[in-house]
Amino acid sequence: MNLFNENNASVHLIPSDPNATFYILPNGIGKDRRTIFSNAIQHFHLQLVASPENARFILADEQFDLPKVFSILKLDLSESEEKSLPIVIQIKWLTDSLKEKNLVPLTKDYIFRTPLIRKKTMPSFSQEPVIEEKKTIKNKPKRRLSDDQPQGGCATQVKQRRYSSDDDNNDMMEDYNDTVKNPFKNGELPKGNWMCSMSSQTAKKNTEINKDIIDKLQAMADLYNKTNDKWRAYSYQKAITTIRRCTKRIDSYEEIIKLPGIGESLAKKIWEIIDTGSFEKLEDFQSSEYMTAINLFGNIWGCGPNIAKHWYDQGFRTLNDVRTKAKLSQNQTVGLKYYDEFLERIPRDEVAEIEAVVKEHALALVPGLTIQTCGSYRRGKATCGDVDILITHTDGISHQGLLIPIIDSLRKCGFLTDDLVLSDKYEEDSGSHVKYFGVCLLPGENRKHRRLDIIVIPHNEYACALLYFTGSALFNRSMRNLAHQYNMYLSQHRLNTGVIRKNNSKINMGTPLYTPTEESIFKYLNLPYRPPEERDH
DNA sequence: GCCT
DNA sequence: CAGTACG
DNA sequence: AGGCCGTTACTG
């Protein structure tokens, strides 16, 4: 069922990035066959190159073996440690794919084996603060709460892969697969601090070590988020996730400034917190009448930086001012009504209760629906800010027009108390997203009003929607940004490749990739798979 | 705010 | 369209 | 200098 299970040591599709280039070795392949193969390459949106030097992958006839291919190409097998030699694949892979009308998994059976004996180990990265991730697929039944223990120092640098000591033959194949999985130069990601490539689990364990620093920075980020200075807030947020990953108490300016995503300005502020125990800028903000009001107003659902500022300019300072004097939108009215309740976290168990209610009503309408609670709940958090429920149906049809009936059913029994956002374009053709944002209340004593988000999506978008709705927000942005680097784009609907942008606007939308599972999306992006618990940045 |  | 929101 | 997620989705 799961085509992308991690033990099959295969690659499903080659990411269509500029480096995933293919060359067809003409030897032993007739002209007609060559034409067919060329067309196939293009048909599958792979990049064909005219000369072997530029090719990451060589497609060759099965009559050859690896030394023969390399001799034709005038390449020296023994140089493989220094150079990154192309991967030689049997042309059968392409013919099989044509037969299936889809790229078939690039299993090791398709790859020409090498007789070569590899050198020992790569130089170690002793200078790196820490190497976080060195997970290899090899004989490891997936471990969820991975103990990817950093070697000390701050977990900052990401090395996608490391050549660990290899003394058995299997490693060779493993390396090949690894290379195939990462057609990028040396299998590394593009330059940058890609948090979507890292596990958030290390951060989870280190909540106490630098807590004072994190709390103060978070307070600043929260405040900046309620102003129009969203990029500054973004930087603070990224800095926080970096510090979370540090396994030791930060105690010198030099190590702070080295951390990715932390520059001079933030380093100084962090050092101030360490050195003096206080953060002047934050205290200024917290004692500022303006920031206090902005923060107060900004916690009303539906009130952003601009409305908050507007209200402040009108002289409003308290929630009562807003309640009595401000012109409130529908959403802001609801937001104000449940001001305190919406600021509270929801215990995990209660999320499960809410999920059960929604499931009951939805399944009563259409049996066999796939209903998955996402968000921080799926990421395994003990408490959640709201409840995010994704609904689809494997038949690809039964989801249509389903949202309104579900909402009606939930409303009728008193479970839903207020609506915030309710899209009504459920009659549109496939692909259309349908979402509901509202407020629910479980029956019984001492219950609180909770934010509930429901999306209903066509099944062919399940993986992208699941990925999106599971988050975290920073994780999504990081992953989408990475896709952007590959001339792809990732949204809650699809992962497209071959996108052409001009001045940051898309000229060519590219073509959608087949994304049956979340795993497939990670693979396309050269990322190690991260289960939901590891996306909690 | 940080990064290319 | 600007504003706000979702992960 | 200019990007930082999404041709995201919804409200008014």
Side-chain angles (χ1 to χ4, degrees), chain A residues 190-194 196 217 220-221 224-240 242 257 259-270 281 298 300-310 327-332 334-335 374-379 384-388 390 419-425 431-437 451-455 457 461 464-485 488-496 499-501 503-510 532 535-537:
Chain A
K191 192 168 182 184
N193 181 22
W194 303 104
C196 58
L217 293 180
M220 276 302 276
Y224 275 127
N225 254 323
K226 291 181 174 56
T227 72
N228 271 321
D229 209 343
K230 56 177 177 175
W231 297 123
R232 200 178 305 269
Y234 184 70
S235 282
Y236 271 79
Q237 204 62 61
K238 289 191 70 168
I240 289 165
T242 298
I257 195 76
L259 298 174
I262 297 181
E264 193 180 339
S265 179
L266 270 172
K268 279 180 183 166
K269 293 178 169 65
I270 293 165
K281 182 93 175 174
I300 299 171
W301 204 95
C303 173
N306 291 308
I307 304 292
K309 181 177 186 305
H310 184 234
K327 183 182 187 308
L328 292 168
S329 74
Q330 203 87 30
N331 289 342
Q332 289 154 1
V334 177
C374 303
S376 49
Y377 180 80
R378 184 159 181 253
R379 297 201 305 272
C384 307
D386 65 358
V387 183
D388 309 294
L390 186 160
D419 301 332
L420 290 165
V421 170
L422 176 48
S423 88
D424 54 356
K425 54 171 197 168
S432 83
H433 231 129
V434 183
K435 70 157 76 165
Y436 171 82
F437 294 169
R451 283 274 297 102
L452 172 64
D453 298 349
I454 300 175
I455 60 175
I457 55 127
E461 296 181 4
C464 288
L466 195 59
L467 188 70
Y468 153 71
F469 221 31
T470 299
S472 66
L474 280 185
F475 181 89
N476 286 351
R477 293 173 71 168
S478 173
M479 202 155 166
R480 290 170 179 211
N481 192 188
L482 179 61
H484 191 123
Q485 305 291 318
M488 297 170 150
Y489 81 78
L490 175 63
S491 75
Q492 50 267 60
H493 297 295
R494 63 192 85 87
L495 173 63
N496 270 29
V499 178
I500 302 171
R501 294 173 171 88
N503 297 339
N504 226 0
S505 74
K506 300 185 183 66
I507 289 182
N508 185 318
M509 237 37 359
R535 307 175 202 162
D536 196 45
H537 297 280

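Chain letters run A, B, ... following the sequence lines, proteins first, then strands; residues in each count from 1. Because only heavy atoms are used, hydrogens play no part in the values below, and waters and symmetry mates are left out as well, while side chains stay in.
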**Request:** Using a cut-off of strictly less than 4.0 Å, decide whether N481(A) has a side-chain nitrogen or oxygen near OP1 or OP2 of dG6(D).
**Result:** no
**M220(A) CE to dC2(B) P, straight-line distance once rounded to whole Å** = 12 Å
**Asked** What's the closest nucleotide to the Y234(A) side chain, out of dT4(B), dT7(D), dC5(D)?
**Response** dC5(D)
**Prompt:** Between N306(A) and dT4(C), is there a side-chain N or O to OP1/OP2 distance below 4.0 Å?
**Reply:** yes
**Asked** Among dG7(C), dC2(B), dT7(D), which nucleotide sits nearest the side chain of K506(A)?
**Response** dT7(D)
**Item:** Y468(A) vs dT8(D): side-chain N/O to OP1/OP2 distance below 4.0 Å
**Value:** no
**Asked** Just by modelled atom types, is the F475(A) backbone N or O under 3.5 Å from a matching donor or acceptor in the S472(A) side chain?
**Response** yes
**Item:** Which nucleotide in dT4(C), dC4(D), dC10(D) has an atom nearest any side-chain atom of W231(A)
**Value:** dC4(D)
**Asked** Can any side-chain N or O of D229(A) pair as donor or acceptor with the backbone N or O of Y224(A) at less than 3.5 Å?
**Response** no
**Message:** Strictly below 4.0 Å: does R477(A) bring a side-chain N or O up to OP1 or OP2 of dC5(D)?
**Reply:** yes
**Prompt:** Quick one: is dG1(B) close enough that its OP1 or OP2 comes under 4.0 Å of any side-chain N or O from K269(A)?
**Reply:** yes
**Request:** Just compare dG1(B), dG3(D), dT7(D) and give me whichever is closest to any side-chain atom of M509(A).
**Result:** dT7(D)
**Asked** For N503(A) and dG2(D), what is the distance between atoms CG and C1' respectively, to the nearest whole Å?
**Response** 11 Å
**Prompt:** Which one is paired to dC6(C), where only Watson-Crick or G-U wobble pairs with both distances under 3.5 angstrom count?
**Reply:** dG6(D)
**Interatomic distance where CG belongs to N193(A) and C1' belongs to dC5(D) [whole Å]** = 16 Å
**Side-chain N or O of H493(A) closer than 4.0 Å to phosphate OP1/OP2 of dT7(D)** = no
**Complete:** Of dA5(C), dG1(B), dT11(D), the nucleotide closest to the side chain of W301(A) is dA5(C)
**Message:** Without decimals, in angstroms, what is the distance between Q237(A) CD and dG1(B) C1'?
**Reply:** 12 Å
**Message:** Without decimals, in angstroms, what is the distance between I307(A) CD1 and dA2(C) P?
**Reply:** 14 Å
**Asked** Heavy atoms under 4.0 Å, any strand shown: does L490(A) hit a base, just sugar-phosphate, or nothing?
**Response** sugar-phosphate
**Message:** Can you identify which nucleotide, out of dT11(D), dG6(D), dT4(B), has its nearest atom closest to the V421(A) side chain?
**Reply:** dT11(D)
**Asked** Counting N and O atoms only, with roles assigned by atom type, does the side chain of S423(A) sit under 3.5 Å from a partner on the main chain of V434(A), one being a donor and the other an acceptor?
**Response** no
**Prompt:** Ignoring hydrogens and geometry, is there a side-chain-to-backbone donor-acceptor pair from D419(A) to V421(A) under 3.5 Å?
**Reply:** no
**Request:** For T470(A) and L467(A), indicate whether the former's side chain and the latter's backbone hold a donor-acceptor pair under 3.5 Å.
**Result:** no
**Item:** Contact under 4.0 Å: S423(A) side-chain N or O vs dC10(D) OP1/OP2
**Value:** yes
